[in-house]
Amino acid sequence: MRREDVAPGAAVVAEGGSDDRFYVVLSGMFAVSQESLGARRVLRPGDYFGEVAPAMDVPRTATVRALTPATVASCDRATFDEFVRPLFSGA
């Protein structure tokens, strides 16, 4: 896992992007939005995001932007496939 501090207003992932990291919110708050639907939800410590792109092999489905100073932990696709994906498939 890689730890990253995020400044208020900074986007961690952008809708349509091609990166495939999985993120866990360690501190702060994030807004999730989609171009076609607008604001979707707010993420807080303990929440996660970024699972759709690596799990389904698709571009990012939403933009996640820090509302406050925040910190996330993330893992790459190989780590996601080995340790996280099984949690979503129930295996």
Side-chain angles (χ1 to χ4, degrees):
M1 299 285 289
R2 178 175 75 191
R3 184 181 174 109
E4 178 182 350
D5 293 325
V6 184
V12 178
V13 299
E15 186 173 355
S18 61
D19 78 287
D20 58 4
R21 294 190 73 81
F22 171 75
Y23 297 87
V24 177
V25 179
L26 299 178
S27 68
M29 294 174 48
F30 292 86
V32 179
S33 63
Q34 292 177 303
E35 282 186 29
S36 62
L37 300 171
R40 304 299 297 152
R41 62 185 289 210
V42 173
L43 302 175
R44 292 175 171 77
D47 290 334
Y48 59 86
F49 61 95
E51 75 282 4
V52 174
M56 300 180 71
D57 200 27
V58 297
R60 292 292 184 188
T61 59
T63 296
V64 179
R65 188 175 303 279
L67 295 171
T68 65
T71 304
V72 295
S74 68
C75 67
D76 60 20
R77 176 70 174 264
T79 303
F80 177 87
D81 286 345
E82 184 174 353
F83 297 106
V84 182
R85 182 188 297 268
L87 301 174
F88 288 102
S89 65

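The line from CG of Leu37 to CD of Glu15 is 8.5 Å long, rounded to the nearest 0.5 Å. Taken from CG in Leu26 to CE in Met1, the straight-line distance is 7.5 Å, to the nearest 0.5 Å. In this structure, the separation between CG on Asp81 and CG on Asp76 is 9.0 Å, given to the nearest 0.5 Å. Atom CG of Leu67 and atom CZ of Arg44 lie 9.0 Å apart (nearest 0.5 Å). The CZ atom of Arg41 sits 5.5 Å away from atom CG of Asp47, with the distance rounded to the nearest 0.5 Å.
Counting only heavy atoms from C-beta outward, the side chains of Val84 and Thr79 never approach each other to under 4.5 Å.
Looking at Arg77, its side chain does come within 3.5 Å of a backbone N or O of Pro54 through a donor-acceptor pair. With hydrogens and angles ignored, the 3.5 Å screen pairs no side-chain donor or acceptor of Arg2 with any backbone N or O of Ser74.
Closest approach of Gly9 to Arg65, counting heavy atoms only: O-NH1, 2.8 Å. Nearest heavy atoms, Glu51 versus Phe80: O-CZ, 3.9 Å. In plain terms, the two heavy atoms of Ser27 and Pro45 that are nearest each other are CA-CG, 3.8 Å. In terms of heavy-atom proximity, Pro69 sits nearest to Pro8 at N-CG, 3.5 Å. In this structure, Ala70 and Met29 approach most closely via the heavy-atom pair CB-N, 4.4 Å. Of all heavy-atom pairs between Gln34 and Ala62, the closest is CG-CB, 3.8 Å.
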Worked check of side chain to side chain contact (heavy atoms under 4.5 Å, CB included) between Tyr23 and Val13: CA-CA 10 Å; Tyr23 297 87; Val13 299; 3.6 Å; yes
Val72 and Phe49: CA distance, side-chain angles, deciding distance, side chain to side chain contact (heavy atoms under 4.5 Å, CB included) verdict: CA-CA 10 Å; Val72 295; Phe49 61 95; 4.3 Å; yes
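Val24 and Val12 end up in different hydrophobic clusters when Ile, Leu, Val, Met, Phe, Trp and Tyr side chains are linked at under 4.5 Å.
None of Thr68, Leu43, Val42, Thr63 except one satisfies the side chain to side chain contact (heavy atoms under 4.5 Å, CB included) rule with Phe30; the exception is Leu43.
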